Amino acid sequence: MGSSSTLQTTISNPGTSDLVINGITSSSGEFIFTPNTFPDTITAGGSQIFDVTFTPTVTGLLSGTLTITHNASGSPTVYSVQGTGVAAGFSISPASLSFGNVVLGSSSTLQATISNPGTSDLVINGITSSSGEFIFTPNTFPDTITAGGSQIFDVTFTPTVTGLLAGTLTITHNASGSPTVYSVQGTGVAAGFSISPASLSFGNVVLGSSSTLQATISNPGTSDLVISGISSSATQFTFSPNVFPVTITAGGSQVFDVTFTPTVTGLLSGTLTITHNAAGSPTVYSMHRTGVQDSVSVQCKFIKRSIRKQFNTADNDK
């Protein structure tokens, strides 16, 4: 159905005078013939080819006749024609696709199955998407699905903005009801990242001891924040917990302990590089501190120098 088939029939004149075809009528609009300009004269010994085209409008066996009126004996001649109308079918499942929440920068793929419940080939001529966020594969057309068969299409949603995104796939085919408009939707969500305080300052820390401060990472976004790793620029700065990935749900937070253990005196600055799935990753977090010596040790060294100086200035009197 929706297509046509053409066959040819030849009328010949085996007589000794002109054969005049005065007209041809069809019993059914599904069967038409060309040429259809009459009268049509076929000279003695000649012939004329007529094209007969069958265009079914319903399924099943269709029989018809062509009634040919002419000037030869036996007119009119009734000529039998028949054909079977078959139809491609189209169905798609599920009825629509809903991807739910998908984090920006990632993708989600669902499947839609197009089936052919008809009695002839279903030809998918093309599929177009209303939005670049929704793409489909395979995308090579035409794609033929035999009677009773089916074809799985992958539909991938890659959000570029947050919020609900609705789209359609327009499927053009040779079955009734073409084109079919298929609904798809998904929600783009984003993880958020913030850290407080803005940086860490440990102040003066005595060599051989440690100082621990806390930094809080929060997720103000609408999807899970995943901390995939934290690295320190200096071994004097360590952090815990340090087992990754760490997932912080939307609206949640995670406290990290950052410990400074100086090994030398003087000001030392460092950074923590925090890798995550939110915008702006990685985040570089600043820290600084001053390592100092224990005051008792300093006083002992001063006393030792004073005693040594006194011995050196005595007149060799031990």
Side-chain angles (χ1 to χ4, degrees), residues 1-9 24-36 49-66 79-100 102 107-159 164-187:
M1 291 177 61
S3 63
S4 298
S5 176
T6 298
L7 297 176
Q8 291 182 325
T9 185
I24 302 177
T25 59
S26 175
S27 64
S28 171
E30 282 89 352
F31 300 97
I32 61 173
F33 51 88
T34 54
N36 62 357
I49 294 174
F50 287 86
D51 289 333
V52 183
T53 300
F54 173 47
T55 307
T57 57
V58 295
T59 59
L61 179 64
L62 298 171
S63 296
T65 57
L66 299 180
Y79 186 68
S80 296
V81 288
Q82 70 173 24
T84 301
V86 295
F90 182 96
S91 69
I92 187 168
S93 64
S96 62
L97 289 179
S98 180
F99 290 85
V102 179
S107 298
S108 176
T109 299
L110 297 176
Q111 292 183 323
T113 301
I114 296 177
S115 300
N116 177 9
T119 53
S120 65
D121 287 348
L122 169 65
V123 180
I124 308 295
N125 297 305
I127 302 178
T128 58
S129 176
S130 64
S131 170
E133 281 88 357
F134 300 98
I135 60 172
F136 50 89
T137 54
N139 61 357
T140 302
F141 302 101
D143 188 4
T144 299
I145 303 173
T146 58
S150 61
Q151 169 75 54
I152 294 174
F153 288 85
D154 289 334
V155 184
T156 300
F157 173 46
T158 307
L164 179 65
L165 297 170
T168 57
L169 300 180
T170 300
I171 307 166
T172 305
H173 50 83
N174 68 330
S176 60
S178 179
T180 298
V181 178
Y182 188 63
S183 296
V184 290
Q185 69 173 27
T187 301

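Please read all numbers here as calculations on a predicted model, not as lab measurements. Both backbone and side-chain heavy atoms feed into the values below; hydrogens, waters and symmetry mates do not.
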Gap separating the OG atom of Ser4 from the CD1 atom of Ile32, nearest 0.5 angstrom: 7.0 Å
Quick check: does any side chain N or O of Thr168 sit under 3.5 Å from a backbone N or O of Thr170, one acting as donor and the other as acceptor? no
Output for pair (Ile127 CD1, Phe141 CZ), nearest 0.5 Å, gives 4.0 Å
For the backbone of Ala87 and the side chain of Thr119, can you confirm whether one donor and one acceptor N or O come within less than 3.5 Å of each other? yes
Counting N and O atoms only, with roles assigned by atom type, does the side chain of Asp143 sit under 3.5 Å from a partner on the main chain of Ile124, one being a donor and the other an acceptor? no
So, the side chain of Ser178 versus the backbone of His173: is there a donor-acceptor pair under 3.5 Å, distance only? yes
Between CG of Leu122 and CD of Gln151, what distance do you get to the nearest 0.5 Å? 10.0 Å
Could you tell me which residues satisfy ring-ring contact (aromatic ring centres under 6.0 Å, His included) with Phe54, sequence neighbours excluded, listed by chain and number? Phe31
Rounded to the nearest 0.5 Å, what separation is found between the CZ atom of Phe90 and the CG atom of Asn174? 10.5 Å
What distance do Ile171 atom CD1 and Phe136 atom CZ have between them, rounded to the nearest 0.5 Å? 9.0 Å
Going from OG1 on Thr137 to CD1 on Ile152, what distance comes out if it is rounded to the nearest 0.5 angstrom? 11.0 Å
Under the criterion side chain to side chain contact (heavy atoms under 4.5 Å, CB included), I'd like the reasoning laid out for Thr55 against Glu30: C-alpha separation, chi angles, the key distance, then a yes or no. CA-CA 5 Å; Thr55 307; Glu30 282 89 352; 5.6 Å; no
Evaluate the criterion side chain to side chain donor-acceptor pair (under 3.5 Å) for residue pair Thr156 and Thr109; output intermediate values, then yes/no. CA-CA 4 Å; Thr156 300; Thr109 299; 2.9 Å; yes
Side chains of Ser115 and Ser150: donor-acceptor distance under 3.5 Å anywhere? no
Do side-chain atoms of Asn116 reach the backbone of Ala175 as a donor and acceptor pair under 3.5 angstrom? no
How close do Gly64 and Ser27 get, counting heavy atoms only, and between which atoms? CA-OG, 3.2 Å
